There are 2 protein chains.
Amino acid sequence: MKQDKLDKSRGKSFVSAQQVAERAGVSRSAVSRTFTDGASVAPATRKRVLQAAEELGYTVNHLARGLIREKSNIVSLVVADINTPYQAKMTEALTRRLQAANKVAMIINSSGESTDVEMALRQTLHYRADATIVLSGQPKASLIETCLNNGQHVILINRDDPVPGPVSVIVTNRAAARQAFDMLERAGCRKLAVIASTVGSASLAAREKAFVAAAQSANIDVSVSRLGPTAYASGAEAARQVLSGADRPDGVFCVTDLLACGFLDAARNEFGIKIPDELCVVGFDDIEQAGWSSYELTTFRQPIEQIAEHVVDLIDHHTPVDAIQDPIRFQAEPVWRKSVRPR
Amino acid sequence: MKQDKLDKSRGKSFVSAQQVAERAGVSRSAVSRTFTDGASVAPATRKRVLQAAEELGYTVNHLARGLIREKSNIVSLVVADINTPYQAKMTEALTRRLQAANKVAMIINSSGESTDVEMALRQTLHYRADATIVLSGQPKASLIETCLNNGQHVILINRDDPVPGPVSVIVTNRAAARQAFDMLERAGCRKLAVIASTVGSASLAAREKAFVAAAQSANIDVSVSRLGPTAYASGAEAARQVLSGADRPDGVFCVTDLLACGFLDAARNEFGIKIPDELCVVGFDDIEQAGWSSYELTTFRQPIEQIAEHVVDLIDHHTPVDAIQDPIRFQAEPVWRKSVRPR
DNA sequence: AGCAGAATTGCACAGCTGTGCAATATGGTC
DNA sequence: GACCATATTGCACAGCTGTGCAATTCTGCT
C-alpha cells in the first residue's frame, strides 16, 4: 500500500485538478469548486473529491489561482539587516500575522548592492504581490512609484520622510524624543549628548532633531555624534569620543538601543563610569537586550504587535490607496529601568 | 508627459505581454523571447520591445512563467523564532544568497500553533516552491514526506535526527562539544555543568550528550540542567538553580550563546561571581552579543556563510535528491575570548 | 542574380485554474 | 403526477506565458 503510493508519486511532478476529477468521477469544475470558498458543491461530491485529493496528494496550484484571480496572496517584505534585533522582531511579528491572515510573506533582503536590491524589489512585481511592506533601507523612490503604478499597496514603516503620492506611511511618534529629554532633565542632567548614526533613516533623524530642539529650547547644552551605522560598535566608538573629552556629558540619548548598548559597555568597561550615578542613558526600541541585567536600559517601546496588526489589517481590507493621506501614528511608551536616575 | 503616464497606469492592473507586443508592433512571442535568456531575437526587435516595455511598465508575470516552466524560483524557508540572533543571522545569509542566485525566499514562521504551521507549510506546496529549507521547529515528518513526494527539494539545517528517506541534512559537528570539554578541563575546572533546554532540537541534544560523555569518560563530575526554551531567561534561571547549591560548578557549557548570556549575567550580577577566575563559561553559535564587552564569551562559531553558500548551491544545481545520502558536515571553530581562563 | 544556410518570426498549443452561463437534477408543494 | 424554485453540474472561455514547428527573411558567397 505505502510502497504503491511511493511508486506513483515520489519524485514526480505535481498532481493537477484534472487527475483528481478523473479519479473521483466528476468534472474538473467540481474539484475547483470544492477548493473554493463559498462555491456550490453537493456534500456528496465534495466528499468524493476530498477523498480523491487526499489519496493523490493534490494541492491547489496558487500560481494558476493567482493568475486568474489577479490576487496572489503574496506580500513582500523589504528589509535591511534582518539580523538586527529590532528588525528581526518586526519581521517575526509581521510574518506571523500575515500567515494567520492566510497570506504568505516573501522576503527581500535590501542589505546588498543597490542594484541587487533593485532587482530583488522587482521580484515583488514579478510575482504580483498584493502589497509591499518596506521596513527599512532606502529603495529608490522610482521603484516605489512603479509598485504604486501597478496598483500595488505600498506600506512604509518608520520612514516618515514626506513621500509624495498616495503611500500609506506609519511612523513612531517623535514626541518620545522630547519625553526622553524630559527624563534626563528631571534626573538633573545638565550637559547632554545624542548619539545618532550616519546612515540614519528619516525616522532616526527625526528623533535626533526633536531631542536637540527640546534641549535647546530649555537652554541646555547638547552635542550630536554620528559615526558609522546603527550598530553596537558605533555606540561604543561614540562613547570613546564623547567621554574622553574634558567636560563629559551627564545625560545621553541614543536613538537606538543597539547604540545604547555599545555606549553603555564602553562607558562602564573602558571608562569605569557608574550608571546611572554619573551618567544617565536613554535608548529607543526596547530590544530584548535592553532588558538584560547587564544593561537594564531605560528606553521607549515601539508597539510592534500593534503596528503589525494594523499593517496586516490594512492589507486585508485593501482600503483604496488614495483614501489614506496622513500617516498613521503610534505612541512609543517609556520603559523605566535603571539607566536613568529616578527623580 | 509624466501626467500622461500616470493617467494611463496609476492604480490599474498589470500590463501583459500582449499590450507590449501591440505597442512595439511585433508578435507576443517576440516579447516573450526578449525576456527569455538564450532565446533568438533580432537586436532591432529586442530594442523596440524593451522600449515599449519600459514605457508601459511591463514586468514578466512569474506566476504564469512558473506555471508553464514547472519551476517557480521560489524557495521557502521554515523558521521558528526569527527574532533569535542565531536564526536571524542565518535567515539573513540565506535570503541574501538566494537573492543573488535569482531566487526569492518565502518565509514560513513556525512559531505559532502547530496547525497554523501545518497550514503555512502547505503554502510551500501551493506555490510550487523549488525547495524547502527547514531551519528549525519540529514540522511533522508527514509534511516533509509530502514535500518529498511532490518532488520538492527538502534541506534540513542543524537537525541531525536520522530522518529516513532522501533528505539532505546539514549538521554542525558535535566534535565541538568534546572540544568544549577540553577547554574547561585544561582550564582546571573539575566540577562541570551543562545548560541545555527543554525544547531542545536534536542538534542541541547532541551537543549536550557529547559533552556529558566526554566528561564522564574523563571521570569528571557533570550535571545537566534543562529548564525552559533556548532563551536568555532560561540561562539566568539555570544559573540561579545551579549556583545556589552548596558545591558550585567551576565550569559551565551552555549549548547556546543565548543561554550563556543569561547564565553569565545572573552569575555575576546576582551571585557576584568573577568570570573567569571563579567560573569558566563556554557557549555555542557566536551570536553578535557574545562579542559585546559585557560578555566576551568564549564560544564556537558556526560557519553560517559557508552553510548558506552550500545550501544555495545545492538548490541551484538541483542535484538529484536520491544521490545525497550522508549529511554534509561543517566544522564549528572555537572563538577564544575571556570567559575561560587561558591555560 | 541565384542559392544554401542561418537567423528570425508568428502560429498555435500547453500549463492549471476560476467562473458565467446554460443545462440538468433535486426538493417541495399542490 | 405536474410544476416551480433552487441547488448542482459541466462546458467553455479567460488569464499570461514558454516553446516546437513551419514559414519567412536575412546573410554571405559564387
Side-chain angles (χ1 to χ4, degrees), chain A residues 12-50 52-53 56-74 122-123 125-130 150-151, chain B residues 12-50 52-53 56-74 122-123 125-130 150-151:
Chain A
K12 297 307 160 202
S13 63
F14 286 86
V15 180
S16 81
Q18 181 64 45
Q19 301 173 43
V20 177
E22 280 164 15
R23 175 157 192 139
V26 297
S27 83
R28 197 187 51 72
S29 314
V31 177
S32 180
R33 281 191 247 264
T34 298
F35 291 98
T36 302
D37 282 346
S40 159
V41 203
T45 329
R46 179 189 191 77
K47 194 177 161 192
R48 282 224 307 279
V49 170
L50 287 178
L56 265 54
Y58 170 71
T59 297
V60 178
N61 188 333
H62 274 45
L63 299 177
R65 174 178 277 183
L67 190 55
I68 192 162
R69 284 215 181 133
E70 307 215 351
K71 184 159 171 14
S72 61
N73 273 357
I74 295 174
R122 211 166 281 275
Q123 299 280 16
L125 299 172
H126 285 327
Y127 287 96
R128 304 314 196 231
D130 294 340
N150 283 321
Chain B
K12 296 307 160 203
S13 63
F14 286 87
V15 179
S16 82
Q18 181 64 45
Q19 300 174 43
V20 177
E22 282 165 13
R23 177 158 191 136
V26 298
S27 83
R28 196 186 51 73
S29 313
V31 177
S32 180
R33 283 192 245 265
T34 300
F35 291 99
T36 302
D37 282 347
S40 159
V41 203
T45 333
R46 179 189 190 78
K47 193 177 162 192
R48 281 224 308 278
V49 169
L50 285 178
L56 266 53
Y58 170 72
T59 296
V60 178
N61 188 334
H62 274 43
L63 299 178
R65 173 178 278 184
L67 191 54
I68 192 161
R69 286 214 181 136
E70 307 215 352
K71 186 160 171 7
S72 61
N73 273 356
I74 295 175
R122 210 165 283 276
Q123 299 280 16
L125 299 172
H126 286 325
Y127 287 96
R128 302 312 194 235
D130 295 340
N150 283 322

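Computed from a predicted model, the values in this text were never measured in an experiment. Just so we're on the same page: letters track the sequence lines, and every chain starts at 1.
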Worked verdict on B/Arg65 versus B/Thr36 for side chain to side chain contact (heavy atoms under 4.5 Å, CB included): CA-CA 10 Å; B/Arg65 173 178 278 184; B/Thr36 302; 4.3 Å; yes
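- Looking at residues two or more places apart in sequence or on another chain, you find a side-chain hydrogen bond (donor to acceptor under 3.5 Å, both in side chains) between B/Gln18 and B/Glu22.
- The nearest pair of heavy atoms linking A/Arg28 to A/Ala17 is CG-CB, 3.9 Å.
- A ring-centre distance under 6.0 Å is found for A/Tyr58 and A/Phe35.
- Note that the two end axes of the helix from C/dA1-D/dT30 to C/dC30-D/dG1 enclose an angle of 30°, each drawn from 5 base pairs, rounded to 10 degrees.
- Under the rule for a salt bridge (Lys or Arg N to Asp or Glu O under 4.0 Å), the partners of B/Lys71 that lie at least two apart in sequence or sit in another chain are B/Asp130.
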Step-by-step side chain to side chain contact (heavy atoms under 4.5 Å, CB included) determination, B/Leu50 to B/Thr34: CA-CA 8 Å; B/Leu50 285 178; B/Thr34 300; 4.0 Å; yes
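- Within 4.0 Å (heavy atoms only), A/Phe35 reaches no atom of the nucleic acid at all.
- Note that the CG atom of B/Asn61 and the CD atom of A/Glu70 stand 9.0 Å from one another [nearest 0.5 Å].
- Listed by residue number, the members of residues 37-47 of chain A with any heavy atom below 4.0 angstrom from DNA chain C form an empty set.
- Within residues 27-34 of chain B, the residues that place at least one heavy atom under 4.0 Å from DNA chain C are, in residue-number order, B/Ser27, B/Arg28, B/Ser29, B/Arg33.
- Boundaries of the chain A contact region on DNA chain C are C/dC16 to C/dG20, first to last in 5' to 3' order (nucleotide atom under 4.0 Å from a heavy atom).
- The shortest non-hydrogen separation linking B/Arg33 to B/Ser40 is CD-O, 3.7 Å.
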